[in-house]
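Heads up, the thing below is written out as structure tokens.
Reminder, nothing fancy here: chain letters follow the sequence lines and each chain counts from 1.
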Protein chains: 2
Amino acid sequence: MSTVPAFKRLPRAVREQQMLDAAVKVFSRRGFHAASMDEIAEDAGISKPMVYAYLGTKEELFVACLHREGTRMMQAIAGAAAPDLPADERLWRGLRAFFGFVGAHRDGWAVLYRQARGEQPFAGELATMRARLVDVVAGMLDHALRAEGREIAALDLEVVAYALVGATESLADWLADHPDADPEKTATRMMNVAWLGAAQLLHGVTWRPPVD
Amino acid sequence: MSTVPAFKRLPRAVREQQMLDAAVKVFSRRGFHAASMDEIAEDAGISKPMVYAYLGTKEELFVACLHREGTRMMQAIAGAAAPDLPADERLWRGLRAFFGFVGAHRDGWAVLYRQARGEQPFAGELATMRARLVDVVAGMLDHALRAEGREIAALDLEVVAYALVGATESLADWLADHPDADPEKTATRMMNVAWLGAAQLLHGVTWRPPVD
DNA sequence: GCGTAACCCTACGCACGAGTAGGTATGCTC
DNA sequence: GAGCATACCTACTCGTGCGTAGGGTTACGC
């Protein structure tokens with residue numbers, strides 16, 4: 001009794017991508033814990049054991065999402081890189097690529113940053129990625145500084161870079177919550193905050209607390 | 001058979017505070033979902049039904065934590081307010097109070113911002129608080145701008161304020177993860193990023209994307 | 001000293017969701 | 001067209017953790 005199967009059989013690689021798509025969607029909507037494997041499987045149009053067979057446990061699945069979205073993001077940014085441009089130009093291109101990515105993959109961003117932040121097992125994964133970003137930014141600042149024959153303590157540099165990355169993430173959240181906002185314009189605004197401030201710092205201007 | 005009770009009976013108000021202390025601690029360590037009412041009860045040195053009797057369901061308990069910690073934070077910042085000082089001085093005092101609070105209540109901060117961000121039911125609570133902060137910062141910038149006879153579109157102002165708040169939150173996370181770091185010094189660093197950048201903006205200097 | 005209200009407990013019901021056992025169908029290779 | 005790997009399913013087990021039922025004990029007012 002050859003009943004025609006409701007939906008076609010597909011090669012593993014394809015199904016895996018569908019599952020990851022569904023997982024990113026559900027994780028971003030519900031958060032890691034509240035998301036259920038059943039819902040992810042249903043959303044992918046497949047049964048639960050298939051998900052386990054291909055992508056493993058819930059944690060492994062989540063890590064796979066983190067990996068795919070993270071790699072995509074890093075590639076988007078790296079694609080805009082041009083090592084020998086002046087610092088502001090590099091920063092601008094990086095920001096534009098970054099906000100462009102977030103604008104195009106809003107739930108990828110949500111799962112990557114919003115969800116992974118709190119949950120213990122994945123905080124590390126995320127921290128690594130952020131650390132890489134912070135290093136890049138700090139490296140850029142350091143490079144620009146040396147070009148001016150100036151120097152700042154490494155710790156200060158790191159903290160400033162951390163603040164800039166934080167501001168950028170924050171605007172990314174804002175962007176993700178405002179579907180009609182323009183990524184390009186958001187990048188420009190970030191540039192205003194980051195670069196005008198950084199430029200001052202690079203020229204040796206620093207703010208000191210008043211002695212009260 | 002009057003067995004001396006292992007621990008004293010205490011009035012409701014006291015127990016409620018103990019429970020909230022325990023809840024904040026556990027929520028910040030585990031995250032909302034992974035935290036169990038049993039662990040919170042045990043940590044508070046009380047049995048689970050008492051928690052339900054006094055603070056209600058898990059969600060209600062979490063909201064209660066959010067409320068207490070949020071109020072404390074707002075009070076800490078409000079206590080440093082002095083409406084008629086120049087903008088940079090106000091910003092400095094606000095930042096100092098804020099980082100001082102985070103330094104002193106690290107897990108209060110964690111539960112407030114790190115956990116509430118992802119989970120749907122509480123995102124609203126947090127968004128409200130952040131919106132208040134953003135308004136304050138934006139209002140300050142706007143005030144300073146008008147004093148110079150200048151003006152910026154409200155949306156731009158809001159986004160800049162959003163970025164500054166994001167950078168500040170990010171440094172707060174950094175502070176929470178570095179127990180030996182000095183809140184005061186962190187505030188100074190934030191001031192360097194925020195104020196030097198904001199000062200430029202206030203003087204009408206803006207960055208524009210290159211025409212490529 | 002006695003009632004009553006506030007404080008506090010042990011021990012459960014029950015739902016939900018992770019992960020699996022065990023089997024069926026389909027297409028590909030030789 | 002037989003054999004075999006791959007794609008796929010239904011239908012469970014079992015742990016975990018929320019929320020509660022149904023009590024016991026201490027203090028306090030009168």
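Glu16(B) is linked by a salt bridge (Lys or Arg N to Asp or Glu O under 4.0 Å) to Arg12(B), counting only residues two or more places apart in sequence or in another chain. Annotation: salt bridge (Lys or Arg N to Asp or Glu O under 4.0 Å) contacts of Asp38(A) (sequence neighbours excluded): Lys48(A). Residues satisfying the side-chain contact (heavy atoms from CB on, under 4.5 Å) test with Ser170(A), not counting sequence neighbours, are Tyr162(B). Checked against side-chain hydrogen bond (donor to acceptor under 3.5 Å, both in side chains), Gln17(B) has the following partners two or more places apart in sequence or in another chain: Arg68(B). Taking the side-chain hydrogen bond (donor to acceptor under 3.5 Å, both in side chains) definition, one finds that Glu60(B) meets it with nothing, sequence neighbours left out.
For dT6(D), the OP1/OP2 oxygens have no side-chain nitrogen or oxygen of Tyr54(A) closer than 4.0 Å. Close to dT6(D), at under 4.0 Å from its OP1 or OP2, lies no side-chain N or O of Arg15(A).
Taking only distance into account, the side chain of Arg12(B) never meets the base of dA6(C) through a donor-acceptor pair shorter than 3.5 Å.
Under the 6.0 Å distance and 45° angle rule, Lys185(B) does not count as a cation-pi partner of Phe99(B).
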Kindly give the atom pairs (protein nitrogen or oxygen, nucleotide nitrogen or oxygen) under 3.5 Å for nucleotides 15-22 of chain D.
residue: dC18(D); atom: OP1; partner: Ala35(B); partner atom: O; Å: 3.2
residue: dC18(D); atom: OP1; partner: Met37(B); partner atom: N; Å: 3.4
residue: dC18(D); atom: OP1; partner: Lys58(B); partner atom: NZ; Å: 3.3
residue: dC18(D); atom: OP2; partner: Met37(B); partner atom: N; Å: 2.9
residue: dG19(D); atom: OP2; partner: Tyr52(B); partner atom: OH; Å: 3.2
residue: dG19(D); atom: OP2; partner: Lys58(B); partner atom: N; Å: 3.0
residue: dG19(D); atom: N7; partner: Lys48(B); partner atom: NZ; Å: 2.9
residue: dG19(D); atom: O6; partner: Lys48(B); partner atom: NZ; Å: 2.6

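Rounded to an integer number of Å, the gap from CZ of Arg9(B) to C1' of dC7(C) is 4 Å. Put simply, CE on Met50(B) is 13 Å from C1' on dT26(D), counting in whole angstrom units. Between Leu10(B) atom CG and dA27(D) atom C1' the separation is 13 Å, expressed in whole Å.
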